[in-house]
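Have a look at the structure below before the remarks.
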Amino acid sequence: MKPASPALLRNYVDGEFVGSAATFDNINPVDGSLIAQVCEADRATVEAAVAAARLALQGPWGAMSVQQRAAMLHKVADGIAARFDEFVAAEVADTGRPLEQARTLDIARGIANFRTFADLAACANTDAFEMATADGAGALNYTVRKPLGVVGIISPWNLPLLLLTWKVAPALACGNAVVAKPSEESPATATLLAEVMRDAGVPRGVFNLVHGFGADSAGQFLTESKGIDALTFTGESRTGSTIMKAVADGVKEVSFELGGKNAAVVFADADFDAAVAGVMRSSFTNSGQVCLCSERVYVERPIFERFVAAIKAKVDALKIGYPDEGGVDMGPLISHGHRDKVLGYFRLAEQEGATVVAGGGVPHFGDARDNGAYVQPTVWTGLPDSARCVTEEIFGPVCHIAPFDAEDEVVARVNASDYGLACALWTTNLSRAHRVARRIHVGLVWVNTWYLRDLRTAFGGVKLSGLGREGGRYSLDFYSDVANICIKL
Ligand SMILES: NC(=O)c1ccc[n+]([C@@H]2O[C@H](COP(=O)([O-])OP(=O)(O)OC[C@H]3O[C@@H](n4cnc5c(N)ncnc54)[C@H](O)[C@@H]3O)[C@@H](O)[C@H]2O)c1
Ligand SMILES: N/C(=C\C=C\C=O)C(=O)O
C-alpha cells in the first residue's frame with residue numbers, strides 16, 4: 001500500500017513549506033522501503049519558526065475570540081476528515097500498523113482532539129469569588145486565562161498524529177502559537193497536518209513544523225530556543241530529563257508524558273474471558289508500542305496456569321502481517337533500530353532465566369516483510385520482579401506473567417516500579433475494584449477495560465512517567481497563563 005505522501009517532506013515555517021540543506025530517509029518498517037526524504041531543520045530554521053510564532057500572536061490570531069479559534073479548529077478537524085484516507089495511508093506507511101487501527105484510532109483521534117479542545121475552550125468557565133472586606137464594601141476576584149505565548153511541542157512516533165494533535169489542539173484552542181517537532185520516525189501525517197492548517201486558513205506562523213532528530217538537531221534546538229514560553233513533550237523518560245535540563249535556565253513551563261512499565265492485575269474473581277481479551281489488547285496493541293501497554297501481568301494463583309495457557313493460545317493465533325491484510329492483528333515495530341532494542345530484551349530475558357511461553361524471536365515470512373522490523377509477540381513467566389525485563393520499559397509486543405496470592409502483595413509489587421503511568425485491574429468485586437484502584441500509584445487506572453478514553457479526564461503519570469496532567473481542563477490550565485484579578489468595590 002503506497003502512501004500519498006510527497007517524495008520530499010518539508011518544514012512548515014510562517015505559512016510556507018521550506019526545504020533544508022540536510023535530509024534524512026523516511027522508511028516503511030513493513031519492508032524497509034524508502035517512502036520519502038525528509039528535510040532536517042537546522043537551528044536557523046527552528047529559530048525562524050519560533051520568531052514566526054511570536055509574530056503570529058501580534059496578528060489576527062492574537063485578536064481572535066475563543067469562539068473564533070474554536071471555529072478555526074473545527075475547520076482543521078474538517079480538513080483532516082476530508083483527507084482521511086490520505087492521513088491513514090501516510091500513518092500506515094510510516095509505522096506499518098494495521099490499517100483498521102489507523103482508521104479507528106490514530107486518525108479518528110486526530111480529528112477528535114481538535115473538536116474536543118475547540119469545544120472545551122469555548123465553554124470553559126473560570127473562578128470568581130466575592131470577598132468581604134473590613135470597610136464593608138467588599139471585593140470581587142475573578143480568574144482569567146491568557147495564552148502562554150509560543151509553545152514548543154515535541155512528539156513521539158508510536159501514535160504520531162494522535163499524540164501530536166493531543167498537544168497542538170489545546171495549545172491553539174488556548175490562543176498560543178506553536179512550533180511542533182514530530183518524531184523523525186513518523187513525519188508524514190504531521191506534514192499533511194501543516195497542509196490542512198494552511199488550507200483551513202489558520203493564520204501564518206500560528207502552526208509551524210520542523211522536522212529532525214533530538215540531540216544536535218531540531219529537537220534540541222527547539223528546547224534551547226530562548227523564544228519559547230513553554231515546552232510540552234511526549235517520549236522516553238530519559239529524554240524528558242534531558243529536556244528538563246535544557247529549559248531549566250529559562251524556567252520554562254513543561255508538561256511531560258513519559259515512559260511506563262505498566263501492570264495488569266487479574267484477580268481470580270475476574271471475568272476470565274474478558275480478562276484474557278483485555279490483557280491481549282493491553283499487551284499487544286500497536287505491537288506493544290503504546291505507553292499504556294501492560295508489560296507486567298500479575299494473575300491470582302488459582303487461575304494462573306489456566307490464564308497463561310489461554311494467553312499463549314491467543315498469542316500463537318495472532319495474525320502478523322501487512323497493514324491492509326484482512327484480520328491482521330499486528331504489524332512491525334517502528335524501525336530496525338527499535339527492533340534490535342526489543343530483540344536485545346528477548347535475549348536478556350532468557351539470560352535472566354525466563355520461561356518463554358510464546359514467541360521470543362523474529363517471524364519468517366518468505367517475502368518483502370523479511371526486510372521489515374517484525375518481531376514475534378512474546379510471553380514470559382518465571383522471572384523475579386527484580387529482573388531487568390520486569391523493571392525496564394521494553395516498548396514491544398511482550399509481557400511477563402507472574403502469580404500472586406494476596407491483594408496487599410500485588411499492590412506492593414505493582415507499585416515497586418520507577419514508573420507510574422497506568423494500570424489495568426480485572427475483578428468483578430466492586431469494592432475491591434475501587435479499593436485497589438486508589439492504592440495503585442499511577443496516573444491512570446482502568447477497571448475491566450483498557451485504554452478507554454474520555455478526553456475530558458486527567459491524563460499523565462507519576463514518578464518517571466511524567467510531570468503534569470493534560471486532558472480536559474488540565475490542558476486548558478497548562479496551555480494558559482491563569483491570572484487572578486481583584487477588584488475593590
Ligand atoms: N506518557 C505518554 O503519554 C507517552 C505517550 C507515547 C509515548 N510515550 C513514551 O515515548 C517513548 C517512545 O517514543 P520515542 O522513542 O519517540 O521517544 P524519544 O524520547 O526517543 O523521542 C521522542 C521525541 O523527542 C525527540 N527527542 C529525542 N531526544 C531529544 C532531545 N535530546 N531534545 C529534544 N528532543 C528530543 C525525538 O526526536 C522525538 O520527536 C516510550 O518511552 C513511551 O513510553 C509516552
Ligand atoms: N495521550 C494519549 C495516549 C497516549 C498513548 C501512549 O502511547 C491519549 O489517548 O490521549
Side-chain angles (χ1 to χ4, degrees), residues 24 38 40-41 46 95 105-106 108-110 112-113 116-117 152-167 169-170 180-187 190 209-225 231-247 254-262 282 285-293 295 333-335 337-338 341-342 392-396 419-422 442-444 450-472 474-475:
F24 58 93
V38 189
E40 182 180 3
V46 170
T95 63
L105 177 62
D106 298 83
R109 268 293 307 276
N113 286 343
T116 299
F117 287 107
I153 299 173
I154 300 177
S155 55
W157 50 258
N158 63 304
L159 298 171
L161 188 72
L162 187 159
L163 290 169
L164 173 62
T165 56
W166 174 245
K167 309 282 190 177
K181 208 292 292 178
S183 173
E184 57 278 18
E185 303 287 2
S186 54
L209 184 72
V210 290
H211 290 298
F213 303 83
D216 300 322
S217 187
Q220 181 179 327
F221 303 153
L222 182 57
T223 61
E224 290 175 343
S225 174
L231 197 286
T232 183
F233 167 73
T234 302
E236 290 193 12
S237 301
R238 65 165 173 266
T239 308
S241 172
T242 300
I243 291 173
M244 201 166 186
K245 292 172 190 143
V247 302
V254 292
S255 171
F256 285 161
E257 298 183 329
L258 306 178
K261 188 67 175 184
N262 311 304
S282 70
T285 295
N286 200 37
S287 302
Q289 300 169 125
V290 180
C291 61
L292 305 161
C293 275
E295 293 189 359
L333 299 178
I334 188 66
S335 68
H338 186 56
K341 169 188 169 183
V342 172
E392 297 175 12
E393 180 182 57
I394 299 169
F395 216 54
Y419 294 99
L421 185 54
V442 294
L444 305 150
W450 175 75
Y451 200 37
L452 183 59
R453 288 280 291 117
D454 181 329
L455 306 189
R456 297 168 297 180
T457 58
F459 186 98
V462 300
K463 298 190 275 186
L464 285 181
S465 291
L467 202 56
R469 293 291 179 269
E470 298 197 33
Y474 303 92
S475 293

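Order of listing sets the numbers, starting from 1, for every ligand and every atom in it. In what follows, every heavy atom counts, from backbone to side chain, and hydrogens, waters and symmetry copies are set aside. Quick note: residue numbers are just sequence positions, from 1.
- Remark: ligand 1 and L258 share an N or O pair separated by less than 3.5 Å (distance only, no angle test).
- Listed by number with element, the atoms of ligand 1 under 4.0 angstrom from any heavy atom of G219 are 32 (N), 33 (C), 34 (N).
- The OG1 atom of T457 lies 7.5 Å from the CG atom of L444; values are rounded to the nearest 0.5 Å.
- Counting atoms of ligand 2 from 1 in the listed order, those under 4.0 Å from a heavy atom of N158 are 6 (C), 7 (O).
- Distances below 4.0 Å separate heavy atoms of W166 from the following atoms of ligand 2: 1 (N), 10 (O).
- Within the structure, the closest approach of S155 to ligand 1 falls below 4.0 Å when heavy atoms are considered.
- Remark: ligand 1 and T223 share no N or O pair separated by less than 3.5 Å (distance only, no angle test).
- In terms of polar-atom proximity, defined here as any N/O pair under 3.5 Å, S237 makes no such contact with ligand 1.
- S465 contributes atom OG, which lies 11.0 Å from atom CD of E257 (distance to the nearest 0.5 angstrom).
- Closer than 4.0 Å to atom 28 (N) of ligand 1 lies at least one heavy atom of the protein.
- For the pair T242 and ligand 1, the shortest N or O to N or O distance does not fall below 3.5 Å.
- Taking 4.0 Å as the cut-off, F256 does not count as a neighbour of ligand 1 on heavy-atom distance.
- Within the listing of ligand 1, atoms 36 (C), 37 (O), 38 (C), 39 (O) sit less than 4.0 angstrom from a heavy atom of K181.
- The nearest non-hydrogen atom to atom 9 (C) of ligand 1, considering only S465, G466, G235, P156, comes from G235.
- Ranking protein heavy atoms by distance to atom 2 (C) of ligand 2, first place goes to F459 CZ, 3.6 Å.
- Considering backbone and side-chain N/O of R453, one or more are found under 3.5 Å from N/O of ligand 2.
- In this structure, atom 3 (C) of ligand 2 lies nearest to the protein heavy atom Y451 OH, 3.5 Å.
- Per-residue contacts place Q220 under 4.0 angstrom from the following atoms of ligand 1 (heavy atoms of the residue considered): 32 (N), 33 (C).
- Inclusion of Q289 in the set of residues having an N or O under 3.5 Å from an N or O of ligand 2 is not warranted.
- When L292, I154, N158 are checked for heavy-atom proximity to atom 6 (C) of ligand 1, N158 turns out nearest.
- The line from CD of E184 to OG of S217 is 7.5 Å long, rounded to the nearest 0.5 Å.
- Protein heavy atom at the shortest distance from atom 40 (C) of ligand 1 is E393 OE1, 3.4 Å.
- Taking both residues in full, the closest heavy atoms of V210 and A218 are given as CG2-CB, 4.4 Å, listed atom of the first, atom of the second, then distance.
- Here is the list of ligand 2 atoms found below 4.0 Å of a heavy atom in R109: 8 (C), 9 (O), 10 (O).
- Residue contact check: T239 has heavy atoms under 4.0 Å from atoms 18 (P), 19 (O), 26 (N), 27 (C), 28 (N), 29 (C), 35 (C) of ligand 1.
- At the top of the distance list for atom 6 (C) of ligand 2, counting protein heavy atoms only, stands C291 SG, 2.3 Å.
- Residue contact annotation: A218 has no non-hydrogen atom under 4.0 Å from ligand 1.
- Contact atoms of ligand 1 toward T234: 2 (C), 4 (C), 5 (C), 6 (C), 7 (C), 8 (N), 22 (C), 44 (C) (distance under 4.0 Å to a heavy atom of the residue).
- Regarding atom 26 (N) of ligand 1, its nearest protein heavy-atom neighbour is G214 CA, 3.6 Å.
- Under 4.0 Å from ligand 1, the heavy atoms of E184 that appear belong solely to its side chain.
- Protein heavy atom nearest atom 15 (O) of ligand 1, with residue, atom name and distance: W157 NE1, 2.8 Å.
- The two residues E236 and K341 make their nearest non-hydrogen contact at OE2-NZ, 4.0 Å.
- With a heavy-atom cut-off of 4.0 Å, L421 touches ligand 1 through its side chain alone.
- Only the side chain of L163 comes within contact range of ligand 2, with a heavy atom under 4.0 Å; no backbone atom does.
- The residue A246 has no part lying near ligand 1, judged by heavy-atom distances below 4.0 Å.
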